[in-house]
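Have a look at the structure below before the remarks.
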Amino acid sequence: MLEIMHIGLPTQTPQPGEVYSPDMKLHIAGPETNEMRIEYLRFEADSPMPQELKDNVHVAYKVDSLEKYMQGNKIILPRTKLDDCLSIAFIEKDGLVIELMEMK
């Protein structure tokens, strides 16, 4: 099961509704902050996040199993548990950066 959740867009411009993640050194304006469901990502220069995420637009999909969709693809960011209900991973498939979101 695949469901498109948002488009992730790296930006240098501060956005309304940004939330800061000190671990990722990243300002995030979630897709719920705008009608086009764009997630704006403003990385600090020393962010430890993979360069592929800093440089590329990504498409985020809700999936029933991260492992199922990670299999056979280049892993950019392995399974990362954000909270009790959400784990994510980033892969590259056919040159496109894809975020996989497994929700419980």
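FYI, side chains are in, hydrogens and waters are out, and symmetry mates aren't considered; it's all heavy atoms of this structure.
- Considering all non-hydrogen atoms of both residues, Gly17 and Thr33 come closest at O-CG2, 4.3 Å.
- At a threshold of 4.5 Å between non-hydrogen side-chain atoms, the residues His58 and Glu39 count as touching.
- The shortest heavy-atom contact between Thr13 and Thr11 is N-OG1, 3.1 Å.
- Within the 4.5 Å cutoff, the side chain of Glu3 has no heavy atoms near those of the Met101 side chain.
- Each of Leu9, Leu41, Leu96 was checked for a side chain to side chain contact (heavy atoms under 4.5 Å, CB included) with Val57, and the lone residue meeting it is Leu9.
- Atom CD of Glu35 has 12 or fewer neighbouring heavy atoms from other residues, nucleotides or ligands inside a 6.0 Å radius.
- With no hydrogens or angles considered, a side-chain donor-acceptor pair links Asp55 and Gln51 at under 3.5 Å.
- Under the 4.5 Å side-chain heavy-atom criterion for ILVMFWY residues, no single connected hydrophobic cluster contains both Val59 and Ile28.
- One finds the CD atom of Glu92 at 13.5 Å from the CG atom of Leu77 (value rounded to the nearest 0.5 Å).
- The CD1 atom of Ile98 lies 12.0 Å from the CG atom of Asn56; values are rounded to the nearest 0.5 Å.
- Atom CG of Leu100 sits about 10.5 Å away from atom CG of Asp64, to the nearest 0.5 Å.
- The minimum heavy-atom distance linking Pro14 with Arg42 is given by the pair CA-NE, 3.5 Å.
- A continuous path of hydrophobic side-chain contacts links Val97 to Met5 [ILVMFWY only; heavy atoms under 4.5 Å].
- For the atom pair CG of Leu2 and OH of Tyr69, the computed distance is 4.0 Å after rounding to the nearest 0.5 Å.
- Side-chain atoms of Glu99 and His6 form a donor-acceptor pair, as typed in the model, at a separation below 3.5 Å.
- Distance check: Ile88 CD1 to Arg79 CZ gives 11.0 Å after rounding to the nearest 0.5 Å.
- Both Tyr61 and Ile75 sit in one connected hydrophobic cluster of ILVMFWY residues. Membership requires side-chain heavy atoms under 4.5 Å apart, directly or through other members.
- Summarising the geometry of Leu66 relative to Glu102, their closest heavy-atom pair is N-OE1, 2.9 Å, with the distance given to 0.1 Å.
- Heavy atoms of other residues, nucleotides or ligands lying less than 6.0 angstrom from NZ of Lys62 number 12 at most.
- In this structure, Gln71 CD and Ile91 CD1 are separated by 11.0 Å, a value rounded to the nearest 0.5 Å.
- Both Leu82 and Phe90 are part of a single hydrophobic cluster, where members link through side-chain heavy atoms under 4.5 Å apart.
- Using a 4.5 Å heavy-atom threshold, the side chains of Ile7 and Met36 count as separate.
- With hydrogens and angles ignored, the 3.5 Å screen pairs no side-chain donor or acceptor of Ser87 with any backbone N or O of Cys85.
- Annotation for His27 and Tyr20: closest pair CE1-CD1, 3.3 Å, computed over non-hydrogen atoms.
- No path of Ile, Leu, Val, Met, Phe, Trp and Tyr side chains, each step under 4.5 Å between heavy atoms, connects Leu26 with Val19, placing them in separate hydrophobic clusters.
- Nearest heavy-atom pair, Phe43 versus Leu53, reported as atom, atom and distance to 0.1 Å: CE1-O, 3.5 Å.
- Using a 4.5 Å cut-off on side-chain heavy atoms (C-beta onward), Lys68 and Val63 make no contact.
- The 12-atom threshold is not exceeded at CG of Asp84, counting heavy atoms of other residues, nucleotides or ligands nearer than 6.0 Å.
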